[in-house]
Asks: 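Take a look at this one; I'll ask things after.
When reading the values below, keep in mind they use all heavy atoms of this one structure, side chains included, and skip hydrogens, waters and symmetry mates.
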Amino acid sequence: MRTIASLGIFCFFAIACFAAVPARAEPKPWIWSWWESHWDNLDFEPYLDDAKHPHNSQWKDDKWRPEDWVAQRESQSELIRGFYTADILRSQYIDDDVPVLEVGPAFYMLGGQDKRRVAETIDAAYQVTSSRVNGIFMLYDWKTHKAVGVYTQNGLQLQ
């Protein structure tokens with residue numbers, strides 16, 4: 001009687017295992033990869049920074065201007081107020097005669113291009129780089145109060 005019960009349990013598990021085999025459209029060359037034709041004709045380009053090129057040369061052909069963002073809002077001050085509301089920016093002040101823009105935690109969630117655009121918008125609003133010879137402003141972290149970048153007439157450089 002025990003052998004019949006054991007045989008029944010064995011058959012149950014054998015049928016369950018064979019029934020649970022998923023359907024396969026095409027086999028893979030091995031378990032941890034896709035076949036080469038899987039990657040053909042894909043035009044996906046991730047929204048990532050190109051680590052081989054500096055930021056300034058990476059986006060030199062970008063046609064975007066700060067006025068493009070301002071045109072989407074009622075005014076330039078409303079746009080900048082939105083940066084503060086979103087916690088992209090925290091504060092702005094002068095430290096040792098150098099303007100400082102304190103960035104918030106949401107600044108780090110932006111892609112490199114949008115970080116540059118935020119800094120360029122601030123410069124367009126306050127004319128920091130054009131108001132003095134070699135005009136710059138520093139970007140400081142809100143938590144550590146250490147420099148994370150600098151914005152000059154040549155654009156944004158992040159550390």
Side-chain angles (χ1 to χ4, degrees), residues 20-159:
V21 174
R24 294 181 211 150
E26 289 184 36
K28 295 180 183 179
W30 63 296
I31 196 168
W32 302 110
S33 72
W34 292 97
W35 52 94
E36 294 220 10
S37 65
H38 174 78
W39 305 107
D40 290 347
N41 301 321
L42 294 177
D43 60 354
F44 173 73
E45 293 186 26
Y47 185 64
L48 300 174
D49 299 338
D50 180 3
K52 296 180 181 179
H53 299 97
H55 290 171
N56 294 341
S57 65
Q58 187 174 344
W59 300 305
K60 67 181 177 189
D61 296 327
D62 187 19
K63 304 293 185 221
W64 178 90
R65 297 290 168 251
E67 297 81 34
D68 297 339
W69 276 359
V70 173
Q72 297 172 3
R73 302 286 181 190
E74 289 179 19
S75 66
Q76 193 172 46
S77 60
E78 183 191 340
L79 174 64
I80 293 172
R81 192 171 30 256
F83 292 154
Y84 283 94
T85 303
D87 213 12
I88 295 170
L89 302 178
R90 278 280 175 103
S91 178
Q92 51 192 4
Y93 53 90
I94 304 290
D95 184 23
D96 253 352
D97 201 34
V98 176
V100 173
L101 183 64
E102 195 174 75
V103 298
F107 180 80
Y108 297 107
M109 295 178 198
L110 298 174
Q113 190 171 22
D114 284 333
K115 289 175 185 173
R116 180 186 62 80
R117 288 176 174 180
V118 167
E120 189 174 337
T121 301
I122 295 298
D123 184 47
Y126 298 110
Q127 302 294 314
V128 178
T129 59
S130 61
S131 64
R132 59 170 85 177
V133 178
N134 298 324
I136 68 164
F137 62 89
M138 300 293 297
L139 282 80
Y140 282 11
D141 181 68
W142 92 101
K143 194 172 189 178
T144 63
H145 302 288
K146 293 185 178 179
V148 294
V150 62
Y151 188 85
T152 66
Q153 290 177 344
N154 297 320
L156 178 65
Q157 290 93 32
L158 295 172
Q159 297 177 355

Asks: Taking side chain as C-beta onward, heavy atoms only, is W64 less than 4.5 Å from Q113?
Replies: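 In short, these two side chains do not touch, never coming nearer than 4.5 Å.
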Asks: Could you tell me the separation between the OG1 atom of T121 and the CD atom of Q76, rounded to the nearest 0.5 Å?
Replies: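 The CD atom of Q76 is 8.0 Å from OG1 of T121, to the nearest 0.5 Å.
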Asks: Would you check if Y151 and I122 make a side-chain contact, meaning some heavy-atom pair closer than 4.5 Å?
Replies: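 No, too far: nothing below the 4.5 Å cut-off.
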Asks: Testing the basics here: between H145 and Y140, what is the closest heavy-atom pair and its distance to 0.1 Å?
Replies: O-CD2, 3.8 Å
Asks: Decide yes or no for Q92 and Y126: does some side-chain heavy atom of the first lie under 4.5 Å from some side-chain heavy atom of the second?
Replies: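 They are in contact (side-chain heavy atoms under 4.5 Å apart), so the answer is yes.
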Asks: Can you measure from CZ (R116) to CG (L158) and round to the nearest 0.5 angstrom?
Replies: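 Output value for this atom pair is 11.0 Å.
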Asks: Is any side-chain heavy atom of R65 closer than 4.5 Å to one of D68?
Replies: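 In contact.
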Asks: Please report the C-alpha distance between V103 and V118 in whole Å, then the side-chain angles of each, then the deciding distance to 0.1 Å, and finally whether the side chain to side chain contact (heavy atoms under 4.5 Å, CB included) criterion is met.
Replies: CA-CA 10 Å; V103 298; V118 167; over 6 Å; no
Asks: Hey, does V128 have a side-chain heavy atom less than 4.5 Å from the side chain of L101?
Replies: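 The answer is no, as the side chains (C-beta and beyond) never meet within the 4.5 Å cut-off.
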Asks: What's the separation between atom CG in L139 and atom CD in Q159, rounded to the nearest 0.5 Å?
Replies: 9.5 Å
Asks: Starting at CG of L156, measure out to CZ of F137 and round the result to the nearest 0.5 Å.
Replies: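 Nearest 0.5 Å value for the CG-CZ distance: 7.5 Å.
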Asks: State the CE-CG distance between M109 and D87, to the nearest 0.5 angstrom.
Replies: 8.5 Å
Asks: Quick one: does D123's side chain have a donor or acceptor within less than 3.5 Å of a partner on T129's backbone?
Replies: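 It does hold such a pair.
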Asks: Classify the angle between the aromatic ring planes of Y108 and W142 as parallel (below 30°), tilted (30 to 60°) or perpendicular (above 60°).
Replies: tilted
Asks: To the nearest 0.5 Å, what is the distance between CD (Q153) and CG (N134)?
Replies: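 Here the rounded value is 7.0 Å.
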Asks: How about S75 and E78: does a side-chain donor come under 3.5 Å of a side-chain acceptor?
Replies: no
Asks: Any side-chain heavy atom of M138 within less than 4.5 Å of one from D95?
Replies: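 Sidechains of D95 and M138: no contact.
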Asks: Ignoring hydrogens and angles, tell me if any N or O in the side chain of D96 forms a donor-acceptor pair with the backbone of V98 under 3.5 Å.
Replies: no
